[in-house]
Amino acid sequence: MARSGRQWWRGAVGYEVYVRSFADSDGDGVGDLPGLRARLGHIASLGVDFLWVTPFYPSPMADHGYDVADYRGVDARFGTLGDVDSLVAEAHQRGLPLVIDLVPNHTSSEHPWFRAARGDRASPYRDHYVWRDPAPDGGPPNNWVSHFGGSAWTYDEASGQYYLHLFLPEQPDLNWDNPAVRDEFDAILRFWCERGVDGFRIDVAHALLKDPELRDNPPAEDRPGGPVEAPGYTEFEHVYDIDQPGVVEIYRRWYEVVAPYGALLLGEVYLLDPSRVARYVSGDRLHLALCFTAVRVGWDADAIRDVLRVGVDAGGDRFAWPLSSHDDARAPTRFGGGPAGARRALAYLTLLAGLPGVPILYQGDELGLPDGEVPPSAAQDPLDARGAGGGRDGTRTPMPWDPGPGLGFTAGRPWLPLGGRRPEDTVAWQEQQPDSHLHRTRRLLAVRRESADLRGSAEVGWLTQRGPLVAYRRGDTVVAADCGQTDLTLALPPGSWRLRYATGDGVAVEDRSLRLAPDHAAIVERDAS
């Protein structure tokens, strides 16, 4: 890959791999880097422009890798540093920049920094974390609640203080007011860039700084939380524990660190107000931020239109549009399940693919997969283990490659159940069906790639304001979806129009009108001649 200042991600399409569940090369039931490398051909064949891989660092796996014990290593379950180098090299050969997850808000409690901090109050690493004396009554220093339920503070008897963790007790929060922490992460960024990595998806990017006074959060009125909403979390307005004013200055610094490498900073800014997310991508900060309202909306035309319009107005081409993710219900499940849910997911992806910014598919989206089936007895998500409910295992079941035992994912016992997948859900089966979800997804991404309007910076002109038809125009291209229950017709602007893409039958251009069947979408292009 060219290592320059060119912003290669502009107009791109991304693909997220949850490495534990993508492809297992050694039969231990856990996906790994060699398995991913063996399946790069499938990813490249989709027509995506970069690959994002979830954490592969050494970890006790309290939160499946988002509790990092070494930011410069690879967990033996996933491979070696040599496997990362091989993955980078082969991905680059296929024209795929590689983006890796970075988890800067917290470490594992087994990280050497925290073990040193916990073992000695005089340790130079003590101030790498947030420690406070108990409140006068002996309880936690404030009323902050963990995303996983319960207090965000754990008492350490050996040192007589509480430490902060916005997630599990095994995930102590770093103290980003400490210059040494900032220096550590400058070096971590450079380490991976020097190995050829092309960017970073930044976990919990909005939470690195906390209120210096650690003030209590006020009771909530009517404000949704984030990706994980354990009991108690939504009872508070999260004014002081996340989204502090100074956090964007950290990304100004990172912007300069990665600039010589032409690397991407993609932020998981899980705030459901796009105007608040927008400040993270204003100027020389993050290059892109994920717009999570896109994965929270149901199959309702007015809600979809509002989410997309508000997001575009706030972030323009600096927002990334996830169809699904490892933390949220898959799009077909969100949109009602069954064949209708899959059709709607493809129609919604068509709307996302036409917007400014960067659509991102999550592994299996190209197959139209709903959430997998995981019985309570097989649950692995720490949300379920702590009784918080709302576990994410259904979105993380193994990728179905081939019919038969193990679905081509593993020759062993998978770490999660296979999810009740059918032969029709597999890559091998859909490859043989010309009109499968897989092939329709490929055709959609090919049309986006070929369209100067859809990959460019043209403004979005909304052609409908309310009602079941969602439609917008970008230059000489119109994107529309029928989110209702009857056939709908859209009058096209003056000119001669041709159908470039349709999600299924029942879509046609006739006499300067676009006809759409329910749960379908189309892209039409004006004939320049």
Side-chain angles (χ1 to χ4, degrees), residues 1-2 8-9 12-27 30-54 56 74 78-80 82-101 195-199 201 323-324 326 346 349 353 358-369 397-411 414 418 421 423-450:
M1 301 297 295
W8 52 262
W9 52 86
V13 176
Y15 187 89
E16 178 194 356
V17 163
Y18 189 72
V19 67
R20 291 181 66 87
S21 295
F22 194 66
D24 170 24
S25 70
D26 58 9
V30 177
D32 48 45
L33 296 176
L36 167 56
R37 184 159 59 91
R39 296 291 188 176
L40 282 176
H42 168 75
I43 299 171
S45 77
L46 298 175
V48 299
D49 301 291
F50 70 90
L51 170 62
W52 151 29
V53 181
T54 56
F56 48 70
V74 176
F78 299 137
T80 65
D83 289 322
V84 176
D85 295 339
S86 297
L87 178 64
V88 168
E90 187 162 338
H92 286 180
Q93 289 174 5
R94 296 180 179 275
L96 290 172
L98 182 69
V99 173
I100 65 173
D101 242 305
R195 297 195 86 92
V197 165
D198 301 284
R201 178 268 191 186
L323 176 63
S324 306
H326 66 278
L346 186 56
L349 177 60
V358 175
I360 297 183
L361 282 73
Y362 173 50
Q363 63 184 54
D365 279 348
E366 70 272 29
L367 305 174
L369 296 182
T397 55
M399 181 78 170
W401 294 101
D402 306 296
L407 295 179
F409 165 71
T410 184
L418 297 174
R421 302 303 186 194
E424 307 93 278
D425 294 326
T426 64
V427 173
W429 190 92
Q430 293 201 21
E431 286 283 12
Q432 304 304 314
Q433 311 301 317
D435 288 324
S436 66
H437 201 103
L438 173 59
H439 284 295
R440 290 188 185 276
T441 300
R442 283 196 182 118
R443 290 196 287 271
L444 169 61
L445 299 187
V447 168
R448 175 184 165 89
R449 179 183 291 271
E450 295 162 4

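Sequence positions, counted from 1, serve as the residue numbers for this chain. Computed from a predicted model, the values in this text were never measured in an experiment.
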Could you tell me if the side chain of Leu36 sits less than 4.5 Å from the side chain of Phe78, heavy atoms only? no
Do Asp49 and Trp8 pass the side-chain contact (heavy atoms from CB on, under 4.5 Å) test, and can you show the C-alpha distance, the side-chain angles, and the key distance before you say yes or no? CA-CA 9 Å; Asp49 301 291; Trp8 52 262; over 6 Å; no
Over all heavy atoms of both residues, which pair between Phe22 and Tyr15 is shortest? Give the atoms and the distance, please. CE1-OH, 3.7 Å
Quick one: do Leu323 and Tyr362 satisfy side-chain contact (heavy atoms from CB on, under 4.5 Å)? Show the steps, please. CA-CA 7 Å; Leu323 176 63; Tyr362 173 50; over 6 Å; no
With rounding to the nearest 0.5 angstrom, report the CD to OG1 distance, Gln363 to Thr397. 8.5 Å
How long is the span from the CG atom in Leu367 to the CG atom in Leu361, to the nearest 0.5 Å? 10.0 Å
Spacing of CG belonging to Leu46 relative to NE2 belonging to His439, to within rounding of 0.5 Å: 10.5 Å
Please report the shortest heavy-atom distance between Arg39 and Gly408, naming the atom on each side. NH2-O, 3.4 Å
What closest approach, in Å, do Val48 and Leu96 show between heavy atoms, and which atom pair accounts for it? O-CD2, 3.6 Å
Between Glu366 (side chain only) and Gly364 (backbone N and O only), is there a donor and an acceptor less than 3.5 Å apart? yes
Report the residue from Gln432, Gln433, Glu431 that forms a side chain to side chain contact (heavy atoms under 4.5 Å, CB included) with Leu438. Glu431
Working to the nearest 0.5 angstrom, can you tell me the gap between Glu450 CD and Leu445 CG? 11.0 Å
Any donor-acceptor pair under 3.5 Å from Arg448 side chain to Ala353 backbone: yes
Nearest heavy-atom approach of Pro414 to Phe409 is CB-CE2, 4.1 Å
Looking at Ser21 and Tyr18, would you say the former's side chain and the latter's main chain have a donor-acceptor pair under 3.5 Å? no
To the nearest 0.5 Å, how far apart are CG in Asp425 and CE in Met399? 10.5 Å
Measure the shortest side-chain to side-chain distance between Leu87 and Leu40 over non-hydrogen atoms and say whether it is less than 4.5 angstrom. yes
Would you mind reporting whether Thr426 and Arg421 have side-chain heavy atoms less than 4.5 Å apart? no
Please give me the minimum heavy-atom distance between Asp24 and Val30, naming the atom from each residue. OD1-O, 3.2 Å
Hey, does the side chain of Asp32 reach the backbone of Ser25 with a donor-acceptor pair shorter than 3.5 angstrom? yes
Determine, step by step, whether Asp365 and Thr441 satisfy the side-chain contact (heavy atoms from CB on, under 4.5 Å) criterion, reporting the C-alpha distance in whole Å, the side-chain angles of both residues, the deciding distance to 0.1 Å, and the verdict. CA-CA 9 Å; Asp365 279 348; Thr441 300; over 6 Å; no
To the nearest 0.5 Å, what is the distance between CZ on Arg20 and CZ on Phe56? 14.5 Å
Correct closest heavy-atom pair for His326 and Arg201 would be CE1-NH2, 3.9 Å
Any donor-acceptor N/O pair, Asp198 side chain to Val99 backbone, under 3.5 Å: no
State whether the side chain of Ser86 and the backbone N or O of Asp83 hold a donor-acceptor pair below 3.5 Å, judged by distance alone. no
May I ask you to decide if Val17's main-chain N or O and Thr54's side chain share a donor-acceptor pair within less than 3.5 Å? yes
Does the side chain of Leu51 reach to within under 4.5 Å of the side chain of Leu98, using non-hydrogen atoms? yes
Any side-chain donor-acceptor pair under 3.5 Å between His437 and Gln430? no
